[in-house]
Amino acid sequence: MGQTDKPFGGFLRVIIRDLREARAETDIEKMRERVDALLADLQATLED
């Protein structure tokens with residue numbers, strides 16, 4: 001990715017936030033949607 005520590009830390013904070021929100025979801029389908037969206041974002045980041 002070529003990021004320095006500061007931008008990479010921000011990237012990790014976004015992932016952690018999204019995972020916490022997904023974990024807090026009471027509806028299993030909504031939780032899966034959140035996790036799937038995060039996975040799609042991570043895959044897109046790898047492909048950029």
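Each residue takes its place number in the sequence, starting with 1. Just so it is clear, the structure is predicted and the values come from calculations on it, not from any experiment.
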Exercise for review: Determine which pairs satisfy salt bridge (charged side-chain N to carboxylate O under 4.0 Å, His left out) with at least one residue from residues 39-48, sequence neighbours left out, and list them in order.
Suggested key: none

**Study point:** NZ/NE/NH1/NH2 to OD/OE distance under 4.0 Å, Glu33 and Lys30
**Key:**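 A salt bridge is absent here (no side-chain N lies under 4.0 Å from a carboxylate O).
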
Measure the spacing between [atom1] of [X] and [atom2] of [Y] and express it to the nearest 0.5 Å.
X: Phe11; Y: Leu42; atom1: CZ; atom2: CG; value: 5.0 Å
X: Ile16; Y: Arg23; atom1: CD1; atom2: CZ; value: 11.0 Å
X: Arg17; Y: Leu38; atom1: CZ; atom2: CG; value: 9.5 Å

**Study point:** Contact check, side chains of Val35 and Met31, non-hydrogen atoms, under 4.5 Å
**Key:**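 In short, these two side chains touch, coming nearer than 4.5 Å.
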
Review point. Quick one: are Glu21 and Arg34 in side-chain contact, heavy atoms under 4.5 Å?
Key: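 Yes; the side chains approach each other to less than 4.5 Å.
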
Review point. Same hydrophobic cluster for Leu19 and Val14, using side-chain heavy-atom links shorter than 4.5 Å among ILVMFWY?
Key: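 No, Leu19 and Val14 fall in different hydrophobic clusters.
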
**Study point:** side-chain contact (heavy atoms from CB on, under 4.5 Å) involving Asp36 - partner list, sequence neighbours excluded
**Key:** Leu39

